[in-house]
Amino acid sequence: MTTERTTRGGEQRATETTRPLERRERPRGVTRKAALLAGLAAVLTGAALAACGAAPPRLQPVFPEGPAAVKPAGKILFVLSAAREQTLADGSKRATGTFLGEFYEPYLALTGAGHEVVFATEGGAAPAIDPESLDERYWEDAAQRAEARRFVERAPQLRAPLSLKRARAAADAFDGIVVPGGQGVMIDLLDNADLHALLAHFAVKDQPVGLICHAPAVLTRMRQPNPLSRRTLTSVSSFEELYIETFVMGAEAQIRDIGEQLEDNGYEHEAAFPGSAHALRDCNLVTSQNPFSTGRFSALYLEALADYRRGARCAIGGRP
């Protein structure tokens, strides 16, 4: 089927071809791959650079009547992948992990705003960093890239993060959660029951939930319905998946078509053109599409966090 949506102002957004769930296991046709590559070529040559409009968020923040005390800046839980290797669909293997900029830039934004960041991984292992994320093309600032690499090498909190089980037991100590992207998410976090429970915990309390690039795929494995069901969100697009597989990984990932899977699970998935800075907020759920979207993601996440600290709750259409 083909998804096509319009913005609230009536502007038509770009279309993206999707396939029904029952066809997902069939081999992908040459025509579809050629069409996607052609679309990528158009974007990369500057023929199409505008971002897509987003569907309206399902939930809106509702604030208490009258003056309310503002909750002080608290702790934010960052869940990182510790998976160091990925097996591709053709049986080949590649190094993987968390995408460096997708955790470091939001980390800087949150700590700069006075919040403490606590890291957690499966089993409390040191997080893995995807080597691809060190490439200079993902960074506007070479000095920040060098700073991020030093942080990963030296920060004591990364050498001994919490285990997800301990983080789950201490969930009430945190004001929100962020899960950065990278193919490592698909290895050790996608079906992680502790992470699923944490996401539901924060969501039901209307605390900010941030999912970056590949991380929204975790929602496809959570039990439906859940407090995040049917939300408007974004993630890595099919164009970007294909680009990564063709020009970076050299083969398809075993788990892919994240946007389609989100739609099949009832979420309203939106994607901008490849490489666009694109992030969405649906009340306490903040998602972003790719490594170029972390600035926009950080701004929206801080906005959601500020609303939570002012006592906001999430409601359909902004009605209590």
Side-chain angles (χ1 to χ4, degrees), residues 1 3-13 16 18 21 51-71 74 76-77 171-172 174-179 195-212 215-235 237 258-272 278-289 293 296-320:
M1 65 180 176
T3 58
E4 181 174 282
R5 301 182 182 86
T6 56
T7 66
R8 279 170 284 184
E11 178 186 354
Q12 185 170 301
R13 66 165 297 224
E16 183 171 287
T18 58
L21 182 63
C52 303
R58 178 170 177 264
L59 301 183
Q60 299 283 351
V62 177
F63 295 92
E65 294 183 6
V70 177
K71 181 178 170 59
I76 306 298
L77 181 67
D172 287 334
F174 302 101
D175 285 346
I177 185 171
V178 174
V179 186
L195 177 56
H196 293 183
L198 281 164
L199 293 175
H201 172 89
F202 290 111
V204 78
K205 295 176 68 177
D206 294 324
Q207 294 175 306
V209 173
L211 303 173
I212 300 173
V218 175
L219 299 177
T220 68
R221 303 302 180 96
M222 290 177 67
R223 181 175 297 176
Q224 301 293 339
N226 63 66
L228 295 169
S229 294
R230 294 177 288 148
R231 300 290 193 92
T232 299
L233 46 66
T234 188
S235 71
S237 69
I258 294 170
E260 293 178 15
Q261 292 193 44
L262 286 163
E263 293 247 350
D264 289 336
N265 279 273
Y267 296 92
E268 185 77 11
H269 181 262
E270 303 284 348
H278 185 57
L280 294 175
R281 178 186 171 191
D282 191 320
C283 197
N284 64 324
L285 176 64
V286 182
T287 53
S288 65
Q289 181 172 325
S293 305
R296 179 64 178 152
F297 169 86
S298 298
L300 290 176
Y301 191 87
L302 283 169
E303 183 183 275
L305 191 54
D307 286 350
Y308 165 72
R309 292 170 59 202
R310 291 167 52 209
R313 306 292 292 179
C314 295
I316 295 175
R319 297 187 303 272

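As the structure is a prediction and not an experimental result, all values here were calculated from the model. Values reported hereafter were calculated over all heavy atoms of this structure, with side chains retained and with hydrogens, waters and symmetry mates removed.
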| request: Could you walk me through whether L198 and F174 pass the side-chain contact (heavy atoms from CB on, under 4.5 Å) test, one step at a time? | output: CA-CA 10 Å; L198 281 164; F174 302 101; over 6 Å; no

| Derivation of the side-chain contact (heavy atoms from CB on, under 4.5 Å) call for L199 and N226 | CA-CA 10 Å; L199 293 175; N226 63 66; over 6 Å; no

| D282 and R58: CA distance, side-chain angles, deciding distance, salt bridge (Lys or Arg N to Asp or Glu O under 4.0 Å) verdict | CA-CA 6 Å; D282 191 320; R58 178 170 177 264; over 6 Å; no

| Considering all heavy atoms of both residues, which atom of F202 and which atom of L77 are nearest to each other, and what is their separation? | CE1-CD2, 4.5 Å

| said: Nearest 0.5 angstrom please: D206 CG to D307 CG, how far? | reply: 11.0 Å

| task | Tell me, please, which residues at least two apart from S288 pass side-chain hydrogen bond (donor to acceptor under 3.5 Å, both in side chains). | result | none

| said: Give me the atom names and distance for the closest heavy-atom approach of R281 to P57. | reply: O-CB, 3.7 Å

| side-chain contact (heavy atoms from CB on, under 4.5 Å) between H278 and L280, worked out | CA-CA 7 Å; H278 185 57; L280 294 175; 4.0 Å; yes

| remark: Test side chain to side chain donor-acceptor pair (under 3.5 Å), reference N284, set R231, Q207, K205, output is R231

| request: Kindly write out the residues that satisfy side-chain hydrogen bond (donor to acceptor under 3.5 Å, both in side chains) with S293, not counting sequence neighbours, or none if the list is empty. | output: N290

| field | Reported CG-to-OG1 distance for the pair L211 and T287, which is rounded to 0.5 angstrom | value | 7.0 Å

| request: List the steps, then state whether side-chain contact (heavy atoms from CB on, under 4.5 Å) holds for L228 with L233. | output: CA-CA 10 Å; L228 295 169; L233 46 66; over 6 Å; no

| query | Between L219 and Q261, is any pair of side-chain heavy atoms under 4.5 Å apart? | reply | no

